[in-house]
Amino acid sequence: MKISEKIEELLKYCSVYQGHVNMMDERRTDDDFHVTLQEETDILASLDKLQFILLTGEAGDGKSRLIRALWNKLQECGFCEPYMDFSAETEEEKEKILQRIADIIDGKTDERVIIAANVGIFTKSVLKYQRSLMEKLNRESERVKIINFEKRNLAQDEKIFQKIVQAFLKYDGNLCGNSECQFYGKCAFQENLDYLLSEKGIESVRVMCDAVCLIGEHVTFRELLSLLSYMVTFGESCRERGIKGNQDNGFIESVFRQEQHADQVLLHMSDMDPAFKNSRINTAVYASVEECRREKRKNFFYGQENQYGLLAADYLTEFREVIRFFQNECYIDSAEIQNGELYRLKRGLGRLTRRGQSDLAMKVVDTPVMLGNDIQTEFELGNIDMIWHRYGLDFNSLDKISNMPEGQNRFSISYVYQEEDGILGAITLTVDYRLFRFLMMADDYYYLSYNSKTLEDYQINSFYQKILKKKKGAYERMHVRFTSEQLKHLCDFSLSVQHLNHFLKGQSTVVKIRKEG
């Protein structure tokens with residue numbers, strides 16, 4: 001494809017970059033651009049056995065594109081006309097569709113159905129019309145395939161991401177045929193295209209998209225194509241650029257200038273603008289602050305350093321390392337963590353729960369409501385075995401775990417216990433980027449709030465409260481503190497229960513009360 005044709009095509013994906021609302025992708029019927037992703041491969045590998053396929057995700061995740069790519073094969077295998085948008089169906093029709101799915105799973109019919117749906121709307125309908133279907137869908141079955149695109153991180157696999165970018169931006173590589181253009185031979189569009197098709201350019205975009213996913217957001221397939229289009233054209237046609245007479249490329253600034261963006265993906269990227277990353281550089285060599293900021297952005301796109309570390313997102317590199325650890329290791333006992341980023345997290349968690357005191361015991365606030373604000377009870381935890389593990393790990397099915405979970409951007413810390421029926425239960429604290437950053441800042445003493453409400457915002461306090469209720473003897477000592485001015489004449493005290501086993505006196509229980517403060 002010629003470069004002039006490529007620019008016109010990209011502008012269809014990017015209407016002055018107001019986000020994917022204006023994208024043309026849903027209406028595209030041409031086959032010029034197609035990349036076989038893992039979801040398509042997985043479905044084709046088991047298509048002869050499948051009877052029900054559910055594709056869930058946001059608008060623009062690629063559900064419709066996948067169905068179009070597979071439609072001929074689906075027809076050959078006997079699939080009925082696909083439900084391209086489950087949410088658009090009437091309530092009566094939704095109920096009928098769910099009954100058909102239930103019949104398929106129960107083996108009452110040989111019918112084959114494929115549905116594209118918003119996961120929230122589909123789940124709500126199942127709970128309303130076919131509540132028992134929810135448990136059946138969670139069971140493994142060779143006849144059922146469920147793909148949740150919201151869990152997919154397109155930037156996770158470097159080779160697949162490279163394949164998408166190269167297929168989407170591919171052109172003949174020649175100069176534009178319009179030799180009368182004032183920018184002939186120095187076309188900014190072509191410069192951008194060539195950069196984005198280079199190894200460094202592809203990796204720069206991948207790092208930005210991966211960083212957005214790591215901090216807890218989601219980049220859809222359509223948003224990725226729209227982003228690539230914007231980074232080439234910035235929403236301007238050749239004609240518009242010619243009228244402005246603007247030769248400046250503007251590539252370095254345009255991606256990160258927040259005031260220009262109405263799109264969520266670019267807003268997230270603007271929040272991580274390398275220009276505002278604290279770094280040890282000699283600012284005296286720059287003529288202005290703006291020049292220094294431009295140089296930082298330029299270094300991100302063209303430098304050789306760790307690009308994750310250049311983004312203005314605290315501890316992003318460390319968070320990525322931990323996520324990669326749990327991609328390869330399913331779990332690790334807390335006692336085995338002696339160094340590295342996980343150890344820093346342990347230390348940060350300890351500093352928060354020890355409330356600034358030098359002893360090593362963790363303390364958890366759990367004051368009954370009936371005591372009001374005048375009295376505060378605090379429990380000093382003993383030794384509790386914790387497991388740090390991959391998010392979503394089922395401790396009762398460790399034999400079924402697989403490496404490299406798809407699109408993970410969080411992990412978990414769990415207290416695991418055995419139920420009366422022998423099944424393992426778990427009380428779990430999920431660590432996403434927000435909580436990871438908070439714990440790392442606590443470890444570095446950048447921020448230490450011992451306010452129980454602050455800890456509750458991150459669910460740290462309630463996590464330990466649940467363990468207190470479940471584990472017998474979880475705490476070694478309880479502190480009672482009088483916080484009201486009217487009760488200052490009373491003395492704070494601690495209470496501990498000790499179980500003794502004396503060879504002469506036998507077993508006994510001793511309650512010790514000690515004055516505190």
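When atom types are taken as modelled, the side chain of Lys6 and the backbone of Lys170 share a donor-acceptor pair closer than 3.5 angstrom. Remark: side-chain polar atoms of Ser226 are not paired, donor with acceptor, to backbone N or O of Arg222 under 3.5 angstrom.
Among all heavy-atom pairs drawn from Gly309 and Lys277, the shortest one is O-CE, 3.0 Å. The nearest pair of heavy atoms linking Phe149 to Leu55 is CE1-CB, 3.9 Å. Residues Gln156 and Arg206 share a closest heavy-atom pair of O-NH1, 4.2 Å. Shown here for Phe168 and Leu225, the closest heavy-atom pair between the two residues is CE2-O, 3.5 Å. Looking at every heavy atom in both residues, Ala155 comes nearest to Cys209 through CB-CB, 3.9 Å. In terms of heavy-atom proximity, Lys63 sits nearest to Ala116 at CB-CB, 4.0 Å.
A cation-pi geometry, defined here as NZ or CZ lying under 6.0 Å from the six-membered ring centre and within 45° of its normal, holds between Arg320 and Tyr308.
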(request) Start with the C-alpha distance between Arg344 and Asp444, add both sets of side-chain angles, then the distance that settles salt bridge (charged side-chain N to carboxylate O under 4.0 Å, His left out), and finish with yes or no. (result) CA-CA 9 Å; Arg344 293 184 62 188; Asp444 286 333; 2.8 Å; yes
(request) Walk me through it: do Phe319 and Phe411 pass the test side chain to side chain contact (heavy atoms under 4.5 Å, CB included)? (result) CA-CA 10 Å; Phe319 185 58; Phe411 61 96; 4.2 Å; yes
(request) Begin from the C-alpha positions of Phe86 and Asn118 and carry the test side chain to side chain contact (heavy atoms under 4.5 Å, CB included) through to its verdict. (result) CA-CA 7 Å; Phe86 181 79; Asn118 174 289; over 6 Å; no
(request) Would you please test Tyr302 and Tyr195 for ring-ring contact (aromatic ring centres under 6.0 Å, His included) and show each step? (result) CA-CA 10 Å; Tyr302 299 103; Tyr195 170 73; 4.9 Å; yes
(message) Assess the residue pair Tyr445 and Arg351 against the criterion (side chain to side chain donor-acceptor pair (under 3.5 Å)); give the C-alpha distance rounded to whole Å, side-chain angles, the decisive distance to 0.1 Å, and a yes or no.
(response) CA-CA 9 Å; Tyr445 284 113; Arg351 285 174 177 166; 3.1 Å; yes
(request) Determine, step by step, whether Val207 and Leu311 satisfy the side chain to side chain contact (heavy atoms under 4.5 Å, CB included) criterion, reporting the C-alpha distance in whole Å, the side-chain angles of both residues, the deciding distance to 0.1 Å, and the verdict. (result) CA-CA 9 Å; Val207 167; Leu311 292 171; 4.1 Å; yes
(request) List the steps, then state whether side chain to side chain contact (heavy atoms under 4.5 Å, CB included) holds for Ile387 with Leu393. (result) CA-CA 11 Å; Ile387 304 296; Leu393 184 67; 5.9 Å; no
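The structure places CG of Leu127 at 4.5 Å from CE of Met134, a figure rounded to the nearest 0.5 Å. Atoms OG and CZ, from Ser412 and Arg390 in turn, are 11.5 Å apart once rounded to the nearest 0.5 Å. Note that CG of Asn192 and CG of Leu228 are 11.5 Å apart. Values are rounded to the nearest 0.5 Å. The OH atom of Tyr391 sits 5.0 Å away from atom CZ of Arg410, with the distance rounded to the nearest 0.5 Å. With values rounded to the nearest 0.5 angstrom, Thr317 atom OG1 is found 11.0 Å from Gln307 atom CD. The NZ atom of Lys296 sits 8.5 Å away from the CZ atom of Arg293 when rounded to the nearest 0.5 Å.
Partners of Asp394 according to the side chain to side chain donor-acceptor pair (under 3.5 Å) rule, which considers only residues two or more places apart in sequence or in another chain, are Ser397. For Ser4, there are no side chain to side chain donor-acceptor pair (under 3.5 Å) partners two or more places apart in sequence or in a different chain.
Using a 4.5 Å heavy-atom cutoff, the side chains of Tyr458 and Leu439 are not in contact. Put simply, the side chain of Leu214 reaches to within 4.5 Å of the side chain of Leu316, judged on heavy atoms. Using a 4.5 Å heavy-atom threshold, the side chains of Tyr464 and Leu349 count as touching. Side-chain contact between Tyr230 and Val255 is absent, with no heavy-atom pair separated by less than 4.5 Å. Taking the side chain as every heavy atom from C-beta outward, Glu39 and Arg152 approach each other to under 4.5 Å. Here the side chains of Asp314 and Met440 are not in contact, with every heavy-atom distance at 4.5 Å or above. At a threshold of 4.5 Å between non-hydrogen side-chain atoms, the residues His218 and Asp61 count as touching. A 4.5 Å side-chain heavy-atom check between Lys128 and Lys94 finds every atom pair outside the cut-off.
Remark: the Tyr171 side chain and the Gln190 side chain contain an N/O donor-acceptor pair separated by less than 3.5 Å. Side-chain contact annotation: Tyr343 with Asp443, donor-acceptor N/O pair under 3.5 Å absent.
With salt bridges taken as basic N to acidic carboxylate O contacts below 4.0 Å, none links Glu203 and Lys200. Salt bridge Glu291/Arg294: absent, no basic N to carboxylate O contact under 4.0 Å.
Residue-environment remark: CD (Glu91) exceeds the threshold of 12 foreign heavy atoms within 6.0 Å. Within 6.0 Å of CG on Asn339 lie no more than 12 heavy atoms contributed by other residues, nucleotides or ligands.
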Could you list the donor-acceptor pairs under 3.5 angstrom formed between side-chain atoms of residues 330-338 and any protein atom two or more places apart in sequence or on another chain?
{"residue": "Asp333", "atom": "OD1", "partner": "Ala335", "partner atom": "N", "Å": "2.8"}
{"residue": "Ser334", "atom": "OG", "partner": "Trp388", "partner atom": "NE1", "Å": "3.4"}
{"residue": "Gln338", "atom": "NE2", "partner": "Ala335", "partner atom": "O", "Å": "2.7"}

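A perpendicular orientation is assigned to the rings of Phe300 and Phe256, their planes being inclined by more than 60° (bins at 30° and 60°).
Put simply, the residue from Thr41, Thr36, Asp42 that forms a side-chain hydrogen bond (donor to acceptor under 3.5 Å, both in side chains) with Gln38 is Asp42.
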